[in-house]
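Single-structure report; data block below.
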Amino acid sequence: DKINKPYLPLASGEFSVPFGWALVLGCFFFSTAAGALFGTPALVSTLLISAFLGTAYSVDLPLLRWKRSALLASMCFLIIRALVVQICFYSHVRQALPSLDVPPWDESRATVFGVAFMGVF
């Protein structure tokens with residue numbers, strides 16, 4: 001990012017690398033704890049799957065750093081935006097508000113449309 005986006009806080013030196021790690025890990029643990037405390041299994045699954053795929057996309061470890069491959073990067077975004085967010089958030093609302101009598105995601109035309117739309121675009 002120092003070449004392509006030198007204005008970002010980490011690349012510009014406004015944030016140190018240890019502070020960046022602390023910020024990212026703190027956000028991960030806080031969001032996961034809040035999801036586990038106030039949410040449903042579907043919400044926690046959404047958070048963990050998104051964190052895993054985001055890490056696989058970005059971290060510089062063997063067999064990871066998927067942003068180097070156009071296919072893996074696009075699959076990562078497709079999985080998160082088209083499947084995980086649409087289906088898991090729908091399932092979260094369904095579990096959190098059972099009195100609404102909401103059908104399963106695959107019987108909801110709006111959710112199926114959202115998955116299809118996000119899968120194409």
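Contact record, Val84 with Ser50: CG1-OG, 4.0 Å, taken as the closest heavy-atom pair. Heavy-atom minimum distance, Pro9 versus Ser12: O-OG, 3.3 Å.
Following chains of ILVMFWY side-chain contacts shorter than 4.5 Å, one cannot reach Ile80 starting from Ile87, and the two form parts of different hydrophobic clusters. Hydrophobic clustering, with ILVMFWY side chains joined whenever heavy atoms are under 4.5 angstrom apart, keeps Phe89 apart from Val93. Connection of Leu71 to Leu78 is established within a shared hydrophobic cluster, with ILVMFWY side chains joined at heavy-atom distances below 4.5 Å, either directly or through further cluster members. Both Val120 and Phe113 are members of a single hydrophobic cluster when ILVMFWY side chains are connected at heavy-atom separations under 4.5 Å. The hydrophobic clustering, which links ILVMFWY residues whose side-chain heavy atoms are closer than 4.5 Å, places Leu23 and Phe28 together.
Summarising the geometry, atom CD1 belonging to Ile79 is positioned 13.5 Å from atom CE belonging to Met118; distances are rounded to the nearest 0.5 Å. Once rounded to the nearest 0.5 Å, the distance linking SG of Cys88 with CZ of Arg94 reads 13.0 Å. Once rounded to the nearest 0.5 Å, the distance linking NE2 of His92 with CG of Leu47 reads 9.5 Å. The distance from the CG atom of Leu43 to the CD atom of Gln95 is 9.5 Å, given to the nearest 0.5 Å. From Trp21, atom CH2 reaches atom CG of Leu10 across 10.5 Å, with rounding to the nearest 0.5 Å.
With a 4.5 Å cut-off on side-chain heavy atoms, Val102 and Ser108 do not count as touching.
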